[in-house]
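Single-structure report; data block below.
For ligands, and for the atoms within them, numbers begin at 1 and follow the listed sequence.
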Amino acid sequence: MRGNRAAEALGAALALGALLAALGAAPAATAAPPCTEGSWCERSLSPDARATLLLEELTLDEKLSLMGGDDPSGVFTGEPANGTSDGVPRLGIPTLYFNDGPAGIRKGEATGMPAPIALAANFSPLGARRYGAALGREAFAKGIMVTHAPAVNIARTPLGGRTFEYYGEDPLLAARTAVRFIRGQQAQGVMSNVKHYAANNQETNRFTVNAIVDERTLREIYLRAFEASVRKGGVASVMLAYNRVNGRKVTDNAELVNGILKRDFGFRGFALTDYGFAQDSTADAANAGTDLEMPQAFWYSRANLQLAVDSGEVAVSTIDDHVHRILREMFRFGIFDRRWPDAHEPDDEAIPVRRHARVARRVERQGIVLLKNSGGLLPLRRERLDSIAVIGPEADSYRNGGGSSAVEPFYAITPFEGIERRARSAGIEARLDDGSSPAGAAQLAGELDVAIVVVNDNMTEFIDKPCLSLQCGDPANGDQDGLIEAVAAANPSTIVVLETGGPVLMPWIDRVPAVLEAWYPGQEGGNAIAAILFGDADPGGRLPITFPRREEDTPTAGHPERYPGVAENAQYSEGVFVGYRHYDENGIEPLFPFGHGLSYTSFHYSGLELRPVRPGGGVRVGLEVENTGRRRGSEVVQLYTGLPDVSPSVQQPPRTLTAYRRISLHPGERRDVSFHLNRRAFAYWDARRDRWTVEPGCYRIEAGRSSRDIRLHESIGRGGANCGRHRRG
Ligand code: BGC
């Protein structure tokens, strides 16, 4: 088993640098026993009321001590946590323990879940809930009260080093996935800390880059998942990003934090800083709404805060608000009332390891995207083959993403192990070749019936990919494109399995009949890949991100002022034309479009009906989907809406994902699928009026299998417009 530990270590080390190393570790503290003394211990009171009572007992110095982390050494070791904020023993306020993250708990061994982008590819609220719940249970068993997850930044460029950690390029998909993850996790009594707020879309210059984004784009694209996490997920905590937005560090950005996050979205939890370089002021940050500096109080040291209060720059009421928010969430999550497992001695025995492995396997099976399958090569059938060559530098390794999402899995089933085991059970021989000699690999491929080439990229926090080809991100693995070409030339039945964190270029696409995107597949990856290859499960995944044909086709390509930015200013001048919105608007044919994913069966869509619920309200959309093939299959029905342009300066993308539903159908089975599109599905952010507005006009509703495989469409009027056969809405 080989992971990218070097990249992980580099990411962690560079993330904090010498600054924190020099600060040293605070003495370890353990979680306090349940609250029994004090009026705030009264459990029948609301978390708000209890926080208010407790706040009254705290001295100013004690309050200030709660606004910063206390043990930065955990960042490097994960022990006892990768973030610690000591409580106040005098009043029985327990220590808070934090840990990463989006792909699993990074403290000792844990379930290695498929990368978050694979979860997004599930297009499944239930899958996201199970994933979040599993992480919540593991965090609890390890004494972790807050996890730095989910990560919901939009994939503005597929070069982004953290693309694997996020939920793709569409704000609705990211929002829905995040909300269910959060609900699943928080139902286990563990707080989620959604990150990284906001417009943290690149690793190049990540501490300093200034994202210059207009308000409409922010609201519609980059803030939407955060808004949903707050409003619908009830998220406890939000991580404030390293970067600047429109000239100000996020942590100093009163408009973003106090204004949009707290006032507009109604966020009542606490906002903490990303680690090390997110904050660079005391009073400005306190007045902008930054509640907690992590992982070590520096700007928020008691001395600095005391000075700011004494000089009148920061009001005591502002300090009270910060501390109240933290205490309120602690009460809400039972941190005073339950006996928490000790973070110093985690109880891994309490983790339902096998159940969580099933979650990992199911999410991966449902997240693998069958990109291409010519001539019905897949699923593999015993009648047609006796032998398989499994080829690739990491075909027998565990591949995950680096940085703060690198999890040490309990175990890992590699692609070769999974395929070999499954093949053996069908009486098929599987042989491994590491591909180090393309000629040797081609010879083996030529001798056996089918060749499966497993290739990967290498993504990590801190470093964007310099380009989109396979070898570009990971020269250590040699010329993987060349390897595929050599194998495909030797065996026409060549299948490529991609273990990548996002899109890669496929110069060989016309020469291989079948391609699977397995992402970073988690500890059960090999089993899930085998299940899809052999047809034990229908390939469930749909692309949460466009795969471009050429690097020049991506939304920021050819515009260095957009990405990576010039003089640290990244102009988001593509506006809302991010991901498929860009490809559709500019008539660019992608290699594989957003929403794409083949099934082993076929589906027929019919009977699209739109019905306004009431004038000015939502719209009911109904249609029928039939499995017209001979196998049971899973389908993700996708609804897209085309909004009318508002003005030359407020243009709308041709289509925007507004709903989706995963269904599973037996052969011949038909299902009525209905959706409710609320007002927001028709609205755009009207920057002039500072609110969501529905423009009168005709709205096109499309139903399809992907953003480029639209099966049905109809129009409906809004705001009194008459659009043909449908009533005015
Ligand atoms: C990352 C965060 C992570 C934190 C703690 C930072 O470098 O940007 O996503 O939660 O480290 O590990």
Determine yes or no for a side-chain-to-main-chain donor-acceptor pair under 3.5 angstrom, with Gln186 supplying the side chain and Gly234 the backbone.
yes
So the atoms of ligand 1 within less than 4.0 Å of a heavy atom of Lys195 turn out to be 2 (C), 3 (C), 9 (O), 10 (O)
Residues passing the side chain to side chain donor-acceptor pair (under 3.5 Å) test with Ser192, sequence neighbours excluded, are Gln185
Contact region, Asn82 to ligand 1, non-hydrogen atoms below 4.0 Å, reads side chain
- Kindly assign one of parallel, tilted or perpendicular to the pair Trp519 and Phe547, based on the angle between their ring planes and the thresholds 30° and 60°. perpendicular
Item to complete: Work out whether the distance between some heavy atom of Met294 and some atom of ligand 1 is less than 4.0 Å.
Response: no
Numbered in order shown, the ligand 1 atoms found under 4.0 Å of a heavy atom of Ser404 are 1 (C), 2 (C), 3 (C), 9 (O), 12 (O)
Nearest non-hydrogen contact to atom 9 (O) of ligand 1 from the set His148, His196, Glu203 belongs to His196
**OP:** Ignoring hydrogens and angles, state whether a donor on the side chain of Asp464 or Gln202 is under 3.5 Å from an acceptor on the partner side chain.
**Re:** no
Whether His148 and Phe98 hold their rings parallel, tilted or perpendicular, with breakpoints at 30° and 60°:
parallel
*Do Glu169 and Thr546 have side-chain atoms, one donor and one acceptor, less than 3.5 Å apart?*
yes
Atoms of ligand 1 under 4.0 Å from any heavy atom of Arg206, numbered from 1 in the order shown, are 7 (O), 8 (O)
- May I ask you to check if ligand 1 and Tyr242 share an N or O to N or O distance below 3.5 Å? yes
Numbered in order shown, the ligand 1 atoms found under 4.0 Å of a heavy atom of Arg162 are 1 (C), 2 (C), 8 (O), 9 (O)
Under 4.0 Å from one or more heavy atoms of Met239, ligand 1 contributes atoms 10 (O)
With sequence neighbours left out, the residues meeting ring pair (Phe, Tyr, Trp, His ring centres under 6.0 Å) with Tyr572 are Tyr222
